[in-house]
Number of protein chains: 4
Amino acid sequence: MSQNKIHKLEPQIYYYTFGPNEPALTVSSGDTVVASTRDARGYNTVMQPIPEELKQRSAATAFRESNPLVGPIYVEGAEVGDTLAVHILRIAFNRQYAWSRHNPHFGFFTGEGPGKEMFLNEPIPEKLFDWNMDFQRNTATLELPNSKIGKVEIPLRPFIGSIGVAPRYGRVEMSLTPGEYGGNMDCVETKAGTILYLPVWVRGGYLAFGDIHAAQGDGEICGVALETTAEVTLSLEVIKGKSIEWPRMEDETHIMTAGSGRPLMDALRIAHVELIKWLIDDYGFEKWEAFQVTSQVGTTRIGNVVDPNYTVVAKFPKQFLP
Amino acid sequence: MSQNKIHKLEPQIYYYTFGPNEPALTVSSGDTVVASTRDARGYNTVMQPIPEELKQRSAATAFRESNPLVGPIYVEGAEVGDTLAVHILRIAFNRQYAWSRHNPHFGFFTGEGPGKEMFLNEPIPEKLFDWNMDFQRNTATLELPNSKIGKVEIPLRPFIGSIGVAPRYGRVEMSLTPGEYGGNMDCVETKAGTILYLPVWVRGGYLAFGDIHAAQGDGEICGVALETTAEVTLSLEVIKGKSIEWPRMEDETHIMTAGSGRPLMDALRIAHVELIKWLIDDYGFEKWEAFQVTSQVGTTRIGNVVDPNYTVVAKFPKQFLP
Amino acid sequence: MSQNKIHKLEPQIYYYTFGPNEPALTVSSGDTVVASTRDARGYNTVMQPIPEELKQRSAATAFRESNPLVGPIYVEGAEVGDTLAVHILRIAFNRQYAWSRHNPHFGFFTGEGPGKEMFLNEPIPEKLFDWNMDFQRNTATLELPNSKIGKVEIPLRPFIGSIGVAPRYGRVEMSLTPGEYGGNMDCVETKAGTILYLPVWVRGGYLAFGDIHAAQGDGEICGVALETTAEVTLSLEVIKGKSIEWPRMEDETHIMTAGSGRPLMDALRIAHVELIKWLIDDYGFEKWEAFQVTSQVGTTRIGNVVDPNYTVVAKFPKQFLP
Amino acid sequence: MSQNKIHKLEPQIYYYTFGPNEPALTVSSGDTVVASTRDARGYNTVMQPIPEELKQRSAATAFRESNPLVGPIYVEGAEVGDTLAVHILRIAFNRQYAWSRHNPHFGFFTGEGPGKEMFLNEPIPEKLFDWNMDFQRNTATLELPNSKIGKVEIPLRPFIGSIGVAPRYGRVEMSLTPGEYGGNMDCVETKAGTILYLPVWVRGGYLAFGDIHAAQGDGEICGVALETTAEVTLSLEVIKGKSIEWPRMEDETHIMTAGSGRPLMDALRIAHVELIKWLIDDYGFEKWEAFQVTSQVGTTRIGNVVDPNYTVVAKFPKQFLP
């Protein structure tokens with residue numbers, strides 16, 4: 001194998017879709033990519049929006065200004081049926097500011113966006129929240145003028161909200177949607193130190209990512225996390241001949257699978273079926289014994305309950321693996 | 001307005017996606033289109049499959065062989081914010097044969113296709129069913145060799161399984177998926193005599209259709225109806241300046257709205273919110289009075305509970321309209 | 001068998017629970033019962049509420065004023081494992097007035113009653129609706145002062161909202177809840193002319209009923225139908241040695257099963273599994289052939305999507321039975 | 001206040017229902033209760049089943065052999081509208097053996113018990129698992145004869161599976177069902193060190209408990225945890241004039257609310273609405289600010305996805321409280 005390279009990617013365009021779009025970069029297995037993301041609304045480190053001409057959706061005829069993606073990155077040697085291992089090496093904030101918002105038509109108390117109204121009563125009021133980050137203290141602070149506490153200061157726990165490959169077929173309608181290709185899973189587990197395994201369905205894989213969250217609770221229940229930007233460092237590795245069906249993850253303590261779907265129960269079931277398959281295939285568990293042990297030691301993290309698909313992460317502690 | 005024309009469309013290509021693909025035909029508002037569909041697996045009137053080179057998905061790099069569509073049809077004068085009225089004039093069978101199937105990984109007892117497994121137990125067995133149609137008797141007959149009754153003969157009730165326009169953004173990943181653009185709603189209401197109203201989100205509308213069902217029960221619970229082909233006659237009319245958010249329908253007896261989503265309750269809610277909006281906007285109902293009357297006289301038909309989105313039709317009897 | 005009798009039941013007490021409460025009446029198989037119900041809020045034909053001392057819940061220590069029941073009726077000879085066939089012979093209105101209501105905390109746009117709040121935004125406003133019945137015209141009329149139409153007149157289609165037996169175990173917490181014992185299914189199919197089959201889980205069966213609806217749309221979406229009272233005539237028949245698991249029904253055109261549960265999809269699945277079992281057991285269908293035919297000719301009616309369990313009726317046309 | 005007492009409760013009878021049954025013990029606020037539980041199938045420390053005559057359901061005419069409860073305990077001074085604080089002081093195992101099981105008709109891949117079948121395919125196979133506990137090592141070990149790993153040893157994390165008060169109305173049909181009264185929540189948070197707050201809806205509260213789990217994964221996905229027995233020590237305290245609607249909990253690090261319902265999303269919503277109410281009422285948060293902060297720092301634990309109601313615990317870190 002040739003010597004691994006470090007690529008600095010300066011995006012010339014931002015896609016609002018996962019798919020085999022014109023690659024922004026071509027790399028080899030083992031290479032490292034460093035790139036700065038835009039935030040969920042397209043703002044950069046100094047809060048300038050993406051110029052219109054740099055916004056792209058699948059058909060170049062329409063777009064939706066949510067979760068612009070850096071990439072796609074074409075990984076040489078990634079063939080259909082391989083797995084792409086994404087080592088998340090570093091997520092370095094590059095602005096001191098994050099925002100969140102309550103939307104009348106987004107979030108787990110309402111529906112899933114304009115035109116998908118599911119209720120007749122008045123929706124929740126729109127409200128914007130400014131979170132200020134302090135890198136010395138490694139915290140974000142929000143003023144709470146209407147609450148007794150006055151303000152709240154919470155630890156920074158950055159992760160990548162949206163990261164995925166080209167889907168099995170065509171393109172994903174919106175980068176807002178998670179699925180078997182990963183995408184907008186909004187899982188706190190896609191943090192520095194995690195290896196994310198993604199299926200390769202299109203030659204080259206076409207990895208794209210964005211939507212850095214400085215912190216987020218389980219489920220992203222209001223629909224919006226602490227939205228910010230960061231310089232992200234990923235190392236990409238092709239695992240030849242290893243085929244998976246859904247995103248898998250691994251950190252120091254757990255192996256994990258992410259299932260996305262609706263209703264929430266389906267996402268939960270998918271994640272667990274995939275976790276049990278993993279235990280069978282790679283760790284020599286018999287199916288029902290894997291189910292029994294997972295039932296007793298497995299944990300679950302709800303990624304999001306607000307996106308067009310909900311995401312659930314099923315986790316199995318490494319200490320109980322052979 | 002110029003004199004209306006009748007267009008005979010002979011498809012040169014079949015798309016597996018709804019979207020602003022290269023139009024197969026351009027028509028004016030008021031024109032009529034006549035076209036023969038392929039069945040859900042791509043077979044024509046003599047059960048020949050679509051040649052590979054005529055199959056197209058959004059990116060031409062991948063495809064999925066389900067519900068090939070005739071079209072898209074570009075309707076001149078259809079602008080964003082207009083409504084496209086599709087008068088379903090005639091659905092004339094052109095083969096005597098329909099098939100159905102039980103799939104291990106499709107249908108309301110399992111999940112929604114390969115790679116989306118949600119259970120650990122054995123799925124239902126795959127099984128193919130040949131239904132023979134008799135146009136004299138207007139029936140379809142299925143041999144039931146393992147049942148006491150021996151065979152069953154049911155009335156033909158043809159309708160268009162998949163019909164829709166280009167979606168709000170980009171393309172639909174699979175023609176299998178229904179949504180605000182219509183699509184694979186699998187509703188028995190899209191039959192001859194119905195006017196289907198679809199939102200125009202892209203100039204020209206880009207109407208496409210296919211997937212004729214000779215008959216189907218509510219919900220299409222096994223995942224597959226009596227799949228066949230037909231010559232379909234539609235008349236297309238642009239309603240200028242009339243904006244809708246979801247498909248609406250009208251037949252002799254009812255006004256109807258189709259909501260698609262997951263879980264089933266969300267589809268039900270969307271359909272009813274849209275129906276009540278219609279009652280308010282076009283018939284002068286006050287919101288809560290519309291809700292009360294709909295609660296007492298409205299009916300509901302479950303289109304499908306098997307596709308990536310489920311579809312519910314909310315129906316309001318015309319006899320109670322002003 | 002002894003000669004069948006007609007029993008006129010004048011309730012001395014009203015239960016808000018299904019279960020083996022002190023019988024109001026003991027009858028033989030084949031006997032007929034005539035009784036006048038109270039409405040969902042406990043009002044009689046002249047809108048007098050039930051006196052406090054006549055209200056009873058399971059433990060006599062608490063009650064909930066919704067759906068008071070007439071009965072229970074102990075049917076001699078009904079043993080565990082039998083089926084109780086309830087022939088609904090007549091539902092004769094005995095007052096000219098029905099009411100409906102929008103509740104802030106009940107109905108399919110909100111939650112399921114006080115203390116079960118699921119949203120942070122403002123609920124829908126409370127509103128009462130007075131429907132006047134005209135027995136000459138066989139209609140109910142509602143003034144719609146805020147709508148262009150001014151008023152609406154709809155046909156009367158009376159049915160029994162709540163009817164059931166003692167459950168498998170203990171008592172049902174609230175008569176508001178439907179289940180395997182029947183109960184508050186709110187299905188328009190429990191109308192005059194229908195035979196309702198209920199499982200016998202406790203010797204005597206303990207049939208109880210109430211909650212007459214003068215009309216109702218599918219799903220009872222606002223949570224309240226046209227609530228009224230009637231004199232109900234039922235004939236009760238014990239089918240010995242016939243064991244069923246969920247309510248079944250039969251009218252001139254269909255055999256039907258009612259599944260109750262949450263989410264809506266589970267009620268739908270239960271109803272269909274039971275329907276297919278019925279086709280297998282009583283009509284000689286093979287399982288997968290039953291599934292296929294049901295998929296093509298079955299219809300579905302949503303009873304309610306508002307009660308603690310939702311109810312779905314799966315219907316199979318009698319014309320396709322052997 | 002009188003001096004607090006320690007009561008040793010030796011059950012003479014076991015109820016399979018939560019409700020105002022004949023109290024096994026009457027205590028004062030501040031008193032401590034020590035009692036040994038039976039396991040989920042009614043076995044004691046030496047694996048002897050409960051004698052038939054000691055089994056009781058609400059009506060004494062039927063029972064269901066799952067989750068027999070110790071109690072109820074009548075707490076003097078507990079009036080409707082008060083809160084009962086249950087300090088879980090100690091859960092001391094008193095046998096070395098736990099079992100788990102896969103049931104064909106229970107668990108999140110199937111339905112919810114016999115008679116509630118929702119699928120046509122073959123259910124998962126029944127299988128029993130024997131877990132041996134080692135109190136020196138504080139672990140439980142399961143032989144895995146069919147898996148490469150051979151056996152697995154997991155830490156003991158005991159908690160009370162079922163604990164609740166008399167419900168708002170009547171009795172709970174089965175102790176298997178969780179709800180606003182607590183009950184079979186199967187939440188790992190009801191462990192030693194936690195204070196569980198329960199609403200008082202009936203004078204005396206009528207606390208009952210049982211179903212000790214030696215360990216359990218999130219969701220109890222196979223339907224059965226490490227079922228065992230323990231001697232449980234609880235201290236009970238009446239909080240006068242403090243009214244709550246759902247169970248609340250508190251440990252060293254979090255305040256928590258438990259919502260139970262179906263579908264899973266409803267349980268999730270209920271838990272969060274209750275958590276936000278708590279933040280408003282006791283900690284001076286403004287509603288939307290509470291929602292925002294919870295969205296960013298809240299976590300969620302899925303208690304069970306197998307019981308007649310699912311249970312979700314919403315957690316807020318104490319470090320962010322005033």
Side-chain angles (χ1 to χ4, degrees), chain B residues 100 102 107-109 124-125 127 129 131 140 142 144-150 152-155 215-226 263-265 268-269 272-273 279 283-286 288-302 305 310 314-315 317 320-322, chain C residues 100 102 107-109 124-125 127 129 131 140 142 144-150 152-154 215-226 263-265 268-269 272-273 279 283-286 288-302 305 310 314-315 317 319-322:
Chain B
S100 183
H102 298 170
F108 96 139
F109 285 129
I124 68 169
K127 213 161 152 45
F129 298 91
W131 290 81
L142 175 69
L144 301 172
N146 305 313
S147 297
K148 184 178 141 199
I149 193 173
V152 69
E153 183 177 14
I154 70 172
Q216 183 201 289
D218 287 0
E220 200 187 14
I221 58 173
C222 80
V224 186
L226 269 67
L264 187 53
M265 192 67 164
L268 192 75
R269 283 175 172 148
H272 281 95
V273 167
L279 291 172
Y283 298 102
F285 277 85
E286 182 269 344
W288 303 113
E289 291 178 355
F291 184 36
Q292 171 62 207
V293 178
T294 301
S295 294
Q296 310 309 347
V297 302
T299 55
T300 295
R301 165 116 33 202
I302 300 175
V305 288
Y310 304 148
K315 307 174 71 160
F320 306 122
L321 294 177
Chain C
S100 183
H102 297 170
F108 96 138
F109 286 129
I124 67 169
K127 211 159 152 50
F129 299 91
W131 290 82
L142 176 69
L144 300 172
N146 305 313
S147 298
K148 183 178 141 198
I149 193 174
V152 69
E153 182 177 15
I154 69 172
Q216 184 202 290
D218 287 0
E220 200 186 13
I221 57 173
C222 80
V224 186
L226 268 68
L264 188 52
M265 192 68 162
L268 192 75
R269 284 175 171 147
H272 281 95
V273 167
L279 291 171
Y283 298 101
F285 277 84
E286 184 269 344
W288 303 114
E289 291 179 354
F291 184 35
Q292 171 62 206
V293 178
T294 301
S295 294
Q296 310 309 347
V297 303
T299 54
T300 295
R301 168 129 15 216
I302 299 175
V305 288
Y310 303 149
K315 307 175 72 161
Q319 68 188 104
F320 306 122
L321 294 177

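Proteins get letters first, then strands, A, B, ... in listed order; numbering begins at 1 in each.
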Among the listed options C:Met265, C:Lys127, C:His102, the residue most often paired with chain B at heavy-atom distances under 4.5 Å: C:His102

C:Leu142 versus chain B, the contacting section by heavy-atom distance below 4.5 Å: side chain

Part of C:Leu226 lying under 4.5 Å from any heavy atom of chain B: both

Between CZ on residue B:Phe129 and CD on residue C:Gln292, distance to nearest 0.5 Å: 4.5 Å

Approximate separation, where rounding is to 0.5 Å, of C:Ile221 CD1 and B:Gln296 CD: 9.0 Å

C:Pro145 portion near chain B, given a 4.5 angstrom heavy-atom threshold: both

Interface residue of largest heavy-atom contact number with chain B, from C:Ala225, C:Gly298, C:Gly223, C:Gly217, under 4.5 Å: C:Gly217

Inter-residue atom distance B:Leu321.CG - C:Lys148.NZ, 0.5 Å rounding: 10.0 Å

Among the listed options B:Ser295, B:Pro322, B:Ala314, the residue most often paired with chain C at heavy-atom distances under 4.5 Å: B:Ser295

Test side chain to side chain contact (heavy atoms under 4.5 Å, CB included) applied to C:Glu289 and B:Asn146, B:Val152, B:Ile149, the passing residue: B:Asn146

Segment of C:Tyr283 engaging chain B (4.5 angstrom heavy-atom cut-off): backbone

Contact leader toward chain C among B:Lys315, B:Arg301, B:Glu220, B:His272, where contacts are heavy-atom pairs under 4.5 Å: B:His272

Backbone N/O of C:Asp218 and side chain of B:Thr299: donor-acceptor pair under 3.5 Å: no

Aromatic ring pairing B:Phe291/C:Phe108, orientation class (parallel under 30°, perpendicular over 60°, tilted between): parallel

Top contributor to chain B interface from C:Leu144, C:Leu264, C:Val273 [non-hydrogen pairs under 4.5 Å]: C:Leu144

Options B:Ile302, B:Val293, B:Thr300, B:Leu279, ranked by heavy-atom pairs under 4.5 Å with chain C, top entry: B:Thr300

